[in-house]
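Since this is a predicted model, take the numbers as computed values, not measurements. A note on names: the letters A, B, ... follow the listed sequences, proteins ahead of strands, and every chain is numbered from 1.
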Amino acid sequence: MLLPSAEVNRIAQLARLHLQPEEVSGLQQDLSAMLALVRQMQAVDTQGVQPMAHPLAMVQRLRTDQVTEQNQRAAYQAVAPQVDEGLYLVPRVVE
Amino acid sequence: MPWETVIGLEIHTQLATCSKIFSGSAIMFGAEPNTQAALVDLGMPGVLPVLNQAAVQMAVRFGYAIGAEIASHSVFARKHYFYPDLPKGYQISQYELPIVGRGVVSLVSEDGATKSVGVTRAHLEEDAGKSLHDVFGGMSGIDLNRAGTPLLEIVSEPDMRSAAEAVAYARKIHRIVTCIGICDGNLQEGSFRCDANVSVRPLGQEQLGTRTELKNLNSFRFLHKAIQFEVVRQINILEEGGRIVQETRLYDAERDETRSMRSKEEANDYRYFPDPDLLPLVIDADFIATATTNMPELPDARVARFQQVFGLSAYVADCLTSRRALADFFESVVAFCGDATLVANWVLGEFSATLNKADLALAEAPVSAADLAGLLRRIQDQTISGKIAKQVFAAMWQGEGTADAVIAARGLKQVTDTGALAAWVDEVIAASSVQVANYQAAAAEKRPKMIGFFVGQVMKKSRGKANPQQVNQLLQSRLG
């Protein structure tokens with residue numbers, strides 16, 4: 001079953017990818033193949049199996065609550081496209 | 001048609017840690033923009049989040065305080081959306097397996113009735129940064145100091161039925177998180193933020209109506225007003241045959257109304273999945289025991305103790321425990337002077353009113369617990385009346401010294417000398433022949449009320465310094 005092109009466009013929109021119209025059909029094929037694999041896996045009986053959140057059989061280590069980072073704003077902002085008064089400037093996001 | 005309001009709250013409490021939830025950046029309020037934003041907070045490639053132990057301990061303390069189940073195994077998930085103040089393109093939160101499960105809090109209303117509100121869950125997450133619009137022509141300014149600040153989001157069941165109940169619940173959560181020391185509770189600085197999910201349904205209907213989510217509620221008063229406005233708005237729409245659109249609405253305090261946020265092009269699709277950068281969080285009994293050592297007496301337990309030990313009503317006990325510092329202050333004053341009812345009246349009345357008027361925090365009050373007890377002792381031993389005590393209190397507040405110093409300096413000691421009192425009583429009787437005749441002609445059961453006139457006159461003559469009980473007795477014997 002082929003994923004409808006509208007779905008491909010919606011996924012692209014969610015990922016903020018700007019697709020060219022000619023790219024859509026190839027992605028329809030690729031994504032459909034991935035979904036077919038997922039469908040195949042879904043056929044496995046997982047009753048009573050705890051979902052795995054992480055492939056490593058380890059648990060989260062915790063950090064002591066201490067301030068270890070110093071202010072390096074000047075260094076970080078040196079590579080930013082545009083800054084003003086200590087703020088990172090980006091294209092305006094609301095009208 | 002009678003309508004029923006249904007409200008659930010999502011409360012974001014900023015946890016009182018020193019550093020961020022996944023990085024070692026500081027989280028001091030009011031720092032210069034981006035001076036507390038390191039590589040992890042900026043979402044730079046190649047960095048990894050490392051979970052802050054104190055944030056986890058604080059979440060555990062909250063769960064313990066509301067009797068909730070603490071998950072032995074919880075998972076961090078990525079919540080995806082695009083916004084410039086979220087540089088990674090996702091927020092690290094918890095979705096299917098939150099750290100704190102179902103719990104319950106109880107509310108007490110003024111008439112003493114209690115109500116339970118369910119807490120569905122509470123989960124750990126990171127805050128986003130802040131965007132500044134309208135400052136840099138055509139651009140938005142981004143400050144990432146707040147990005148990565150630890151939050152505990154507390155989600156309630158839709159158990160509240162009025163704006164007043166929603167406020168009572170929010171205040172209760174506020175009281176708990178400040179009491180157990182996991183949040184500074186500062187609403188103005190955004191340390192405690194409420195979003196309200198509000199819907200209405202015909203009374204008796206089981207199914208919930210379509211809800212709207214109200215944001216920008218940065219005080220309990222605005223929470224109350226926003227819900228009231230929204231309920232009326234929804235009922236009006238439904239009664240005119242319209243339907244409610246599920247949306248997020250912002251409260252505008254200046255206009256006292258809620259407004260739809262610019263509708264998004266499509267519904268939110270956060271695409272949650274477990275964050276591969278973080279391993280499952282495992283909490284064992286030892287961890288819980290460590291996190292919950294030094295738990296203070298919780299608000300509900302303190303209310304119960306105040307009722308039992310001090311004989312206070314549920315409502316007064318509730319008011320006194322509204323803030324831990326206030327309850328501590330009350331107990332210190334009682335320790336000095338004993339009479340809990342008198343102390344409660346003063347602490348909740350004159351003392352709190354003066355404090356609020358001066359806009360001071362309790363720790364900044366110029367009158368200490370010992371000072372206030374010193375004043376109340378002078379009421380107890382009848383050196384001064386309650387009325388004069390208010391004058392003395394005002395003078396103490398202005399820095400004129402202890403109660404005894406003020407009473408001596410201003411000559412406010414109550415007159416209990418029978419000779420002086422009798423002279424005032426005789427003067428008043430001589431000057432009030434009409435009232436005396438009326439009093440003597442009146443039935444016995446009406447007299448206690450009528451005698452108030454004479455007592456008032458004597459108090460006036462004495463400039464408030466006569467002992468009212470003695471004056472009353474003298475008048476009764478003189479008037480026959």
Side-chain angles (χ1 to χ4, degrees), chain A residues 3-4 6-18 31 34-35 38 41-42 46 48-95, chain B residues 17-20 22-27 31-42 44 50-57 73 75-77 80 82-84 87 89 96-97 131-144 262 265-266 269 271 274-276 278-282:
Chain A
L3 194 68
E7 275 295 295
V8 172
N9 283 317
R10 199 180 85 85
I11 293 164
Q13 161 70 20
L14 283 170
R16 297 296 186 274
L17 294 175
H18 188 65
L31 288 171
M34 291 177 206
L35 289 171
V38 172
M41 290 195 292
Q42 273 178 335
T46 55
V49 178
Q50 212 198 344
M52 183 175 68
H54 204 283
L56 292 182
M58 295 165 69
V59 299
Q60 182 61 41
R61 284 182 57 183
L62 301 175
R63 174 175 63 80
T64 306
D65 181 26
Q66 271 175 355
V67 175
T68 53
E69 294 288 345
Q70 303 308 314
N71 171 24
Q72 299 192 60
R73 185 175 77 179
Y76 300 151
Q77 294 201 334
V79 295
Q82 217 178 331
V83 295
D84 194 3
E85 294 177 27
L87 296 160
Y88 294 93
L89 295 193
V90 298
R92 192 156 161 166
V93 284
V94 289
E95 275 108 64
Chain B
T17 54
C18 307
S19 64
K20 292 190 176 178
F22 297 120
S23 85
S25 297
I27 50 170
E32 283 289 303
N34 292 309
T35 55
Q36 297 180 158
L39 295 173
V40 168
D41 317 313
L42 296 175
M44 287 295 178
V50 188
L51 185 56
N52 184 338
Q53 175 174 276
V56 179
Q57 285 175 329
H73 173 101
V75 170
F76 285 92
H80 298 83
F82 285 101
Y83 208 75
E96 283 177 328
L97 298 168
S131 302
L132 274 110
H133 311 295
D134 309 320
V135 185
F136 309 94
M139 304 289 274
S140 292
I142 307 296
D143 177 7
L144 295 169
R262 214 164 58 86
E265 284 156 37
E266 57 188 304
D269 183 345
R271 292 152 289 146
D275 190 332
L278 289 154
L279 290 154
L281 175 61
V282 171

Quiz prompt | Under 3.5 Å side-chain donor-acceptor pair for Ser19(B) and Arg63(A) | solution = yes
Heavy atoms of Ala53(A) and Pro274(B) approach each other most closely as O-CB, 3.8 Å
query: Is there side-chain contact between Leu279(B) and Leu56(A), with at least one heavy-atom pair below 4.5 Å?
result: yes
- Item | His54(A) side-chain N/O to Pro276(B) backbone N/O, donor-acceptor pair under 3.5 Å | yes
The interface call for His73(B) against chain A, heavy-atom contacts under 4.5 Å, is side chain
Counting heavy-atom pairs under 4.5 Å with chain A, the top scorer among Ala31(B), Ala54(B), Ser23(B) is Ser23(B)
Counting heavy-atom pairs under 4.5 Å with chain A, the top scorer among Lys20(B), Gln36(B), Gln53(B) is Gln53(B)
Given Leu278(B), Leu51(B), Asp41(B), the one with more heavy-atom pairs under 4.5 angstrom with chain A than any other is Leu51(B)
In this structure, CG of Asn52(B) is separated from CG of Leu62(A) (nearest 0.5 Å) by 8.5 Å
Chain B shares the most heavy-atom pairs under 4.5 Å, among Val83(A), Val90(A), Thr68(A), with Val90(A)
Turns out that what part of Ala38(B) lies under 4.5 Å from chain A's heavy atoms comes down to both
Turns out that what part of Ala15(A) lies under 4.5 Å from chain B's heavy atoms comes down to backbone
Scanning both residues in full, the closest heavy-atom pair of Leu281(B) with Gln60(A) reads CA-CB, 4.2 Å
Cut-off 4.5 Å, heavy atoms of chain A, and the answer for Phe22(B) is backbone
So, do Leu39(B) and Tyr76(A) sit near enough that their side-chain heavy atoms are less than 4.5 Å apart? yes
- prompt: Are Arg73(A) and Glu32(B) side-chain neighbours, meaning at least one heavy-atom pair lies under 4.5 Å?
  reply: yes
Counting distance only, does the side-chain N/O of Asp65(A) pair as donor-acceptor with the main-chain N or O of Cys18(B) below 3.5 Å? yes
Between the NE2 atom in His80(B) and the CZ atom in Arg16(A), the distance rounded to the nearest 0.5 Å is 12.5 Å
When the 4.5 angstrom heavy-atom criterion is applied to Val75(B) and chain A, the contacting part is side chain
Beyond-backbone contact of Leu14(A) with Arg271(B), side-chain heavy atoms, under 4.5 angstrom: yes
Scored by heavy-atom pairs under 4.5 Å with chain A, the best of Gly138(B), Ser25(B), Ala55(B) is Gly138(B)
For Leu89(A) and Gly141(B), the nearest pair of non-hydrogen atoms, with its separation, is CD2-CA, 3.7 Å
Cut-off 4.5 Å, heavy atoms of chain A, and the answer for Leu132(B) is side chain
Ranking Pro55(A), Ala74(A), Gly86(A) by heavy-atom pairs under 4.5 Å to chain B gives rank one to Gly86(A)
Contacts of Asp275(B) meeting side chain to side chain donor-acceptor pair (under 3.5 Å) (sequence neighbours excluded), chain-then-number -> Arg78(B)
If one checks every heavy atom of Val40(B) against chain A at 4.5 Å, the contacting part turns out to be neither
If one checks every heavy atom of Gln82(A) against chain B at 4.5 Å, the contacting part turns out to be side chain
So, the part of Gln66(A) with a heavy atom under 4.5 Å from chain B: the answer is backbone
Cut-off 4.5 Å, heavy atoms of chain A, and the answer for Leu42(B) is side chain
